[in-house]
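Each chain gets a letter, A, B and so on, in the order the sequences are listed, and its residues count up from 1.
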Amino acid sequence: MAILSSSSFSLFPTHQFQTKKHTRLRRDLTSNRAVFIKNRDCLINRSLTDSNIQLRRLIESGDLVNSVKLLHQSGKQDIDPRTLCSVLQLCADSRSLKDGKEIDSFIRSNGFVLDSNLGSKLALMYTNCGDLVEARRVFEQVRIEKALFWNLLINELGKVGDFSGSIELFKKMMSFGIEMDRYTFSCVSKSFTNVNGGEEFHGYVLKSGFGDCNSVGNSVMAFYLKKKRVESARKVFDEMSERDVISWNSMINGYIDNGLAEEGLSVFVRMLCSGIEVDLATLVSVLAGCVDSRLGRAVHGIGLKACLGQEDRFCNKLLDMYSKCGDLDSAKIVFAGMSDRRSVVSYTSLIAGYAREGLAGEAVKLFAEMEEEGISPDVYSVTAVLNCCARNRLLDEGKRVHEWIKENDMGFDMFVSNALMDMYAKCGSMREAELVFSEMPVKDIYSWNTVIGGYSKNCYANEALSLFSLMLEEKRVDPDERTVACLLPACASLSAFDKGREIHGYIMRNRYFSDRHIANSLVDMYAKCGALLLARMLFDEIASKDLVSWTVMIAGYGMHGFGKEAIALFNQMRQAGIEPDEISFVSVLYACSHSGLVDEGWRFFNLMRYDCKIEPTLEHYACIVDMLARTGNLLKAYRFIENMPIQPDATIWGALLCGCRIHHDVKLAEKVAEKVFELEPENTGYYVLMANIYAEAEKWEEVRKLRARIGRRGLRKNPGCSWIEIKGRVNIFVAGDSSNPETEKIEAFLRGVRARMREEGLSPQTKYALIDAKEMEKEEALCGHSEKLAMALGILSSGHGKIIRVTKNLRVCGDCHEMAKFMSKLTRREIVLRDSNRFHQFKDGHCSCRGFW
DNA sequence: TTAGGGTTAG
C-alpha cells in the first residue's frame, strides 16, 4: 500500500523528493555491494560453514550462552550475516543486553557490512534490551526500511518518557520516506499526547491517509481525550467509518472521565442499540459514571448477562459504584460474593464507602479485618482510612494510623502525607499537620491547599495568609481555584477587607470568578468584611446561583440587620426553584432574630418543619430562642426550651441569658446561668455575661462572688480584643492597651469625643465598666475598651471618606456602641464594627442594628 | 479502552 502519497510530503520542503530518490539509489548500491561481498566470502570459506550450521542449531534451541561462545571462537569468514541476524533476534527475545553488545562488537570488529537487515536486528536488540541511546545510533548509521523497527523504538522512547525523542524519530522516519503503517501512529500518539501542543499529530494522520483506519482513529481519540478535548474526540468518533469496541469504550470513558457522565451514558445506550457487544472495559467505564445505584444495578445486570460476574475487575468496580452511590447494602453483597477473590482494592472501596457514610467504626473494623486476612494495606487503603478519620474527627485512630505509616515506611507517598495532614487539620491539630508538611520533600497543590485550608478553618487566619504568601514566593507550585477557596474564609474570619480585596484582584486576573465555589466565598468574604453592597454586586454577577450563593447573601443581610432584605431574597430563591436546606433556614432565622421579626421567624420555622420536612437542629432552636429573648419574650423562650424535643445545649440557654441581660431580668438570668454553667463549666464567656448582668443591676456583691467562682475554677476571662487593618497591616488592641505607638493621640482623641458627648448631655454608660469603683475610674476603664481604641486609630489614620472597619472577638460593649454612634456623627465617618455576633454600621449617629444585638 | 486513595464555599 502506498502509505505516503506524494501529497503527504507537502508538509516538507520540495527537496525531500530529491533526497528520497538519492537515498533509494544509495540503498540499491549498498545492497548490491553487500550481496557481492557475501558471495565472495561464501566462495572463499565454503569449507568452514560447519560452525555456521552449528551456531544456527544452538540459536534454534535458544542456547544464547553457547551461541555467543561459539561466535567468539569463529572468524568472520565462518559466519553468515543471516546467522548474526538470528542471534541478535535471540538476544532481543531474551532481553540480554550483555550478549547483544558482544555480538555488536563482533560485527563491528570483523567489518561486517551493516545493511538494512542486520541494522534492523541490531536496532531491535538495543530497543528490546532498553539501551535506547544505542538503538538510536544504529538508526543514524543505517537506513532501516521496515516500519516495524521504527515503531518499536518510537514506542519505547515514549514509554520511558522521552517524548520529544520519540516524535523526532517519527519525523525522521517521515523525512526518510519510510513507509509507515497503522501501528506507527499508535506508537507515536502517546508522545504527542504528552508534550505541550502536539496539535500537529491529527494533521499527520490525515495527510498520511490513515485517517480512516480504525486503530489510528482510536489513537487520535485517545490523544484528544488525554488533552481533555472531549468535543474534538467526539468529532473524530462521529467521523469514523468503522468503530470497534475500543472506539466506543474510549468515547464512553472519555466523557465519564471528564465529568460528563450523562453524555457517556448516552453513547453507551447508542452502543447497546447498535448491537456492538460490550466488554469488560465498557462496563467498568460505565459503572464509573453511575451516580445512582438504580442505574448501576441495570449495568450490573448487563454484566451478568455478558458473563462478567466472575471478573475481579468487574466486581471491584461494582463494589466501588455501590459504595459511591451510598448503597452500602448492595456493596456488601458484592463484597460477600467475592469471598476468596477479595483484594486490597475490594477492601479499600468498602472502607471508603463506610467513611463517606460516616460509619467510622465499620471502616476501621474492616481495615483491621483486612490485615487479619493477610492482605497488607497499601498506600490507597491507608489514604482511605485516614480520610475516614478526617471526616469523623477520629484523632486517636488517625494517630495510630500515623504510627503504622512510620513503622511501614509509607510516609514518602504524597497521597499519604496529604491525607495525614488533612486528618490532622480536620481534627484541629494544626501543629501535627504543620510537622508533616515541613517534612515533605516535595509538596504538590493538594499539600498546600490542605494546610492553607486547615489554618483557615481552625481560626489561624494569619497563618493561612502567610502560607499563601510563601507559596507565591517559592513559585514551585502555582495556586489554583481551590487555594483561593481555602483562603477566602480566612479573610472573612479576620474581616481582612484589604487582603480580601487583594485576593479578589488575584481571582479576576486568573479568571477564577466563573468558578461558583470562588464566587460564593467571595460574596461571603465581602459580607463578613462589612462590605455588603460589594457582596450584593458580586452576588448579582453570579450567572447561575446555587443554594450556597443565595445562602451566603441571605446570611450577609442577616448579620447586617437587614432582616426584610434577607427574607425577600429567601423568597426570591424559592421562586427561582431552589429548595432551601437546613443551613439556608439557619440564615433566614438568624436574620429574623437579629431584626426582631418574630412573626416572620415563626413562619419560617414552621415552613421548614411542616412544608420542607426538615427536622430543626440545635442551631434552628437557638435562633428561635434568640429571637424571643431579644424581643423580651423571656418566659416564652424559657418554655420553648423546656419543650424542645432535643436536649438543649449551652448555646440555647446562653441565647436566653443574653436576652435576660438586654431586658435586665436578673432573677431568670440566675436560673438560666446555672444551667449554662452546668453544661459548659469551662466557658468563661458565660460567667462574664452573668457578671455583666449583676454589674448592670449594680449587685456588686454578686459580681464579687462570681469572680471568686471563676478564680476557684482557675478560669481566665477571654480578653476582649479588637483589630483594624490599616494599609495592609492588622493593628490589634486589648482593653487598656497602650502598646500602640499612636496611643497618646488615640487617648487625646477619645477624651475629646467624651467631652463633646457630655456637652450634648450624653453620659458614659458606666455600667459596662464592670468595675466597682468610683465613677471616674469606671470612665477611664471604658476609654480603654479595645473597640474604641481601634475605631479611634481608624479615624486618625485613614483618609476622609474611607470606611472604618473594626472587628471585635466578643460582643460590642454598650458604651462603645453609644460612642461609635456619636463618633460617626461627629467625624462624619462611616464605621463598620463587626462583633462576635453581627455587624453594626454606624452612620450619622445611628446604628444599623437598631438595638438588636 | 481496563478496579481502590488526597485539597474548595454557606
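- Nucleic acid contact for A:N218: none, since no nucleic acid atom lies under 4.0 Å from a heavy atom of the residue.
- In this structure, A:K457 places its NZ atom 8 Å from C1' of B:dA9, rounding to the nearest Å.
- Among the atoms of the strands shown, only primed sugar atoms or phosphate atoms (P, OP1, OP2) are found under 4.0 Å from some heavy atom of A:V552.
- Checked by atom type and distance alone, the side chain of A:H402 never pairs as donor or acceptor with a backbone atom of A:G398 at under 3.5 Å.
- The phosphate of B:dT7 (OP1 or OP2) has a side-chain N or O of A:N387 nearer than 4.0 angstrom.
- Side-chain atoms of A:S584 lie closest to B:dG10 of the nucleotides B:dT7, B:dG10, B:dT1.
- Residue side chain A:Y380 fails the stacking definition with respect to B:dG5, as its ring centre and the base's six-membered ring centre are not both under 5.5 angstrom apart and under 30 degrees in plane angle.
- Nucleic acid contact class of A:D546 (heavy atoms, under 4.0 Å, all strands): base.
- When the side chain to side chain contact (heavy atoms under 4.5 Å, CB included) test is applied to A:D327, the partners found at least two apart in sequence or on another chain are A:S293, A:R297, A:Y322, A:D329, A:S330.
- A:E311 has no carboxylate O lying under 4.0 Å from a charged side-chain N of A:R313, or vice versa, which leaves the two without a salt bridge.
- Following rounding to the nearest Å, A:L287 (CG) and B:dT1 (P) show an atom-to-atom distance of 19 Å.
- Counting only heavy atoms from C-beta on, A:N316 has its side chain closest to B:dA3 among B:dA9, B:dT1, B:dA3.
- Within the nucleic acid shown, A:V344 comes within 4.0 Å of at least one base atom, counting heavy atoms only.
- Within 4.0 Å (heavy atoms only), A:D515 reaches no atom of the nucleic acid at all.
- Ranking B:dT7, B:dG4, B:dG10 by closeness to the A:D378 side chain, first place goes to B:dG4.
- Distances shown here put a side-chain N or O of A:K317 below 4.0 Å from the OP1 or OP2 atom of B:dG4.
- Looking at A:T551, its side chain comes within 3.5 Å of the base of B:dG10 through a donor and an acceptor atom.
- Side-chain atoms of A:N571 and A:I567, non-hydrogen and from C-beta on, do get closer than 4.5 Å to each other.
- Using a 4.0 Å heavy-atom distance criterion, A:K426 is classed as a sugar-phosphate-only contact.
- Contacts of A:L547 with the nucleic acid, taken as non-hydrogen atoms under 4.0 Å apart, include base atoms.
- Residue-level contact check: A:K324 touches the backbone only, with heavy atoms under 4.0 Å from sugar-phosphate atoms and none from bases.
- With B:dG5, B:dT2, B:dT8 as the candidates, the nucleotide lying closest to the side chain of A:R482 is B:dT8.
- Contact annotation for A:D581: base contact, defined as any heavy-atom pair under 4.0 Å involving a base atom.
- The line from SG of A:C623 to CZ of A:F585 is 12.0 Å long, rounded to the nearest 0.5 Å.
- The side chain of A:V284 lies closest to B:dT2, out of B:dA9, B:dG5, B:dT2.
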